[in-house]
Visitor: 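Please read through the structure below; I'll follow up with questions.
Worth saying up front: this structure is predicted, and the values here are computed from it rather than measured. Chain letters run A, B, ... following the sequence lines, proteins first, then strands; residues in each count from 1.
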Amino acid sequence: MHIVDGALSMPVVAAGTALAVVGLGIGLKRMPTDRIPAAGVLSATFFVASLVHVPIGPSSVHLILNGLAGLVLGWAAFPALFVGLLLQAVFFGFGGITVLGVNTLNIALPAVIVGYLCRPGIQAGSPAVAAIWGAAGGALAIALTTLMVGIALAASGEEFIPAAKLVFFAHIPVMAIEAALTGAAVLLARRVKPELFASPATAG
Amino acid sequence: MQKIAAILVLALSLGWSAPALAHKVVAGAYASGDAIEGEIGFSDGEPAKNVLVEVFGEDGTRLGEVRTKEDGTFVFEPKAAVTHIFRADLGAGHVAEIRVEASELPASLAKGTPPDSAPPAAAEPAPPADSVAMTAAQRAVVAELIRNEIRPLRREVIAYREKNDLQSILGGIGYIVGLFGLWFFLAARRRTRAG
């Protein structure tokens, strides 16, 4: 999921960085003050989640949990996930510094999209319905991320269909795991702290 | 929030107990006799099988190519005493790049002499009567033995370089707490001033 330095062409890196900066700006602006600690916790969760690897066949993939971040944070997922990615690149060499913008965009934009699509479902309805929306959001965020990685690779010269397929199919188990995790997290949060999913976009 | 904390603890404990890490490319190369020997694989221990490794000089000139074997290793015979850059595209955004500096090249090349005029370290079936040739052959055998002995050590060093310990994980979390604390502080100060 983390694209490394040198895998992408220069225009893709530049475009990704520019868009990520825009996202970061919106995220920092729209963030209500009392949501900052939540952003920090989700950033730390994301930072650690990528160390949990799930062995699949010959290879393995790791959790991302960007769906959960998007549901709780909305646009603020950009700064939260950016910080996580930056530290992963510095500490563990996951991804790289030059492709940080592209990686942020690939992971945070799906989070924002999921936030917009699934948050109404989580706010309304019973906790059970909210959990299903949460699970759908968790899986959708991964699917969108694989799609974006595929696009980024395709724009750099790799053929789109095989590249995207490879990334997508490798992450189907991750989608299932993240759907379960996000669903469970939403269910619990709805019971103990329902205001967590109040729309921060309108509050800020 | 409790759930998030629970996930965090779970993630931390899992990440700690699992030595191999997901999906990161691990690669290393070193001089071995007259050749450069290298290994490419994923951090979960899976070797990169039958992958094309392209070899470039520092200025981007192409020096050649090799393919990795089933166990992810490759052997490349350098022809020029320049820095070699080995590049392999493993697909899906995974690229391995290994630098072998000119000073780390096989001794026969580092001296600046062309490889054919250098004393052959590879054991040719030399006439056994010649004592000098015997010594060269013996030297080659000893060098080969030492290389074989050192190889697991080299691999361990490469693997160790990729190891993440609890300190860096906790350090990273500390950075996150600090950064978001700073952000919180700045936002709160702005709000107090505005209000």
Visitor: Among the options B:G181, B:G171, B:G172, pick out the one with the most heavy-atom pairs lying under 4.5 Å from chain A.
Guide: B:G172
Visitor: Ignoring hydrogens and angles, tell me if any N or O in the side chain of A:R35 forms a donor-acceptor pair with the backbone of A:V72 under 3.5 Å.
Guide: yes
Visitor: Quick one: ring-ring contact (aromatic ring centres under 6.0 Å, His included) partners of A:F82, sequence neighbours excluded?
Guide: none
Visitor: Non-hydrogen atoms of chain B under 4.5 Å away: do they reach the side chain of A:L187, the backbone, both or neither?
Guide: neither
Visitor: Would you say B:F184 has more than 12 foreign heavy atoms packed within less than 6.0 Å of its CZ?
Guide: yes
Visitor: Could I get the full list of side-chain contact (heavy atoms from CB on, under 4.5 Å) partners for A:A152, not counting sequence neighbours?
Guide: A:I3, A:L8, A:V12, A:V102, A:N106
Visitor: So what's closer than 4.5 Å to chain B heavy atoms on A:L87: side chain, backbone, both or neither?
Guide: side chain
